[in-house]
Amino acid sequence: MEKRERQEGITPGQAKGQTQRWQPLQPNLERVNEAARRSGQTRFTALLHHVDIAALERAFRRQRRAASPGIDRVKVEDYERNLEFNLQRLHARIHSGQYWPKPVRRTYIPKADGSLRPLGIPTLEDKIVQGAVAEVLNAVYEADFLGFSHGFRPERSPHSALAALDKALMTQRVNFVLDVDIRTFFDSVDHRWLMRMLAHRIADPRGAPLD
């Protein structure tokens, strides 16, 4: 681990500080994270129980109240009126195998070049489930990600990536900087291969089938 951090241009102390800045893990997920850090070969076979009502509520609290609703048109304030019942019912569907995500609502936003960027807006419940599952997956994969990885990670953003790049340019010998934008990457990524890659770490049989 220490050797890898030096290759990334950060010190072990800096790397630990980066891990501590994001939201503290729940005690149950701390144990998952510790197991992931002990060995990169550990496969987790029982994770669904971490998606409990408390995790679903935390995911709900992270939702933006002004966010556009999905195809069911349910807004945050509507769901919150009977929050305890709604989360209990959602939890029961998840753990009984009766939960299925709904289609996303397609909308388009204009880009600077005049073209339109398609967006898929999930329903509120799908966002809640995604948030709770992401919380569990973060506990596993934060142990694996390299220090220079900033995309879609807790407490990281394009701004943190630019700050790291600035530091590297000022403190290390850099001959060139490569800027790459993979067009429609998320539209074309092979989901079967993505699921196979996840299976290297996640072996919970209650997950999505690979075939």
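Values below: all heavy atoms of this structure, side chains included; hydrogens, waters and symmetry mates excluded.
With contacts defined as side-chain heavy-atom distances shorter than 4.5 Å, the pair Val32/Val136 does not qualify.
Val133 and Val104 end up in different hydrophobic clusters when Ile, Leu, Val, Met, Phe, Trp and Tyr side chains are linked at under 4.5 Å. A chain of hydrophobic side-chain contacts below 4.5 Å, direct or via other Ile, Leu, Val, Met, Phe, Trp or Tyr residues, connects Phe185 to Phe152. Clustering ILVMFWY residues whenever any of their side-chain heavy atoms sit less than 4.5 angstrom apart, transitively, puts Val174 in a cluster other than the one holding Val180. The cluster map of Ile, Leu, Val, Met, Phe, Trp and Tyr, joined by side-chain heavy atoms under 4.5 Å apart, puts Ile71 and Leu90 in different clusters.
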Q) Could you walk me through whether Glu84 and Arg89 pass the salt bridge (Lys or Arg N to Asp or Glu O under 4.0 Å) check? A) CA-CA 9 Å; Glu84 183 177 354; Arg89 187 176 60 177; over 6 Å; no
Q: Step by step, work out the side-chain contact (heavy atoms from CB on, under 4.5 Å) result for Lys75 and Gln63.
A: CA-CA 10 Å; Lys75 298 180 180 179; Gln63 301 304 313; over 6 Å; no
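Contact detail for Phe44 and Ala35: the closest heavy-atom pair is CE2-CB, 3.9 Å.
Using a distance-only test at 3.5 Å, with no hydrogens or angles considered, no donor-acceptor pair links the side chain of Asp78 to the main chain of Val74. Formation of a donor-acceptor pair under 3.5 Å by the Ser149 side chain with backbone atoms of Leu146 is not found in this model.
By the salt bridge (charged side-chain N to carboxylate O under 4.0 Å, His left out) test, Glu57 pairs with Arg61, sequence neighbours left out.
Among pairs with a residue in residues 38-54, those fulfilling side chain to side chain donor-acceptor pair (under 3.5 Å) read Asn28-His50, at least two apart in sequence or across chains.
Within a 6.0 Å radius of CG in Leu194, more than 12 heavy atoms belonging to other residues, nucleotides or ligands are found.
Partner of Asn33 under the side-chain hydrogen bond (donor to acceptor under 3.5 Å, both in side chains) criterion, chosen from Glu30, Arg37, Arg31: Arg37.
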Check: residues 112-129 side-chain donor-acceptor pairs under 3.5 Å, at least two apart:
from, atom 1, to, atom 2, distance (Å)
Asp113, OD1, Ser115, N, 3.0
Asp113, OD1, Ser115, OG, 2.6
Asp113, OD2, Ser115, OG, 3.4
Thr123, OG1, Asp126, N, 3.3
Thr123, OG1, Asp126, OD2, 3.1
Glu125, OE1, Arg93, NH1, 3.2
Glu125, OE1, Arg93, NH2, 3.2
Glu125, OE2, Tyr79, OH, 2.6
Asp126, OD1, Tyr99, OH, 2.4
Asp126, OD2, Lys102, N, 2.9

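Of the charged side-chain nitrogens involved, none lies within less than 4.0 Å of a carboxylate oxygen, so that Arg156 and Glu142 do not count as a salt-bridged pair.
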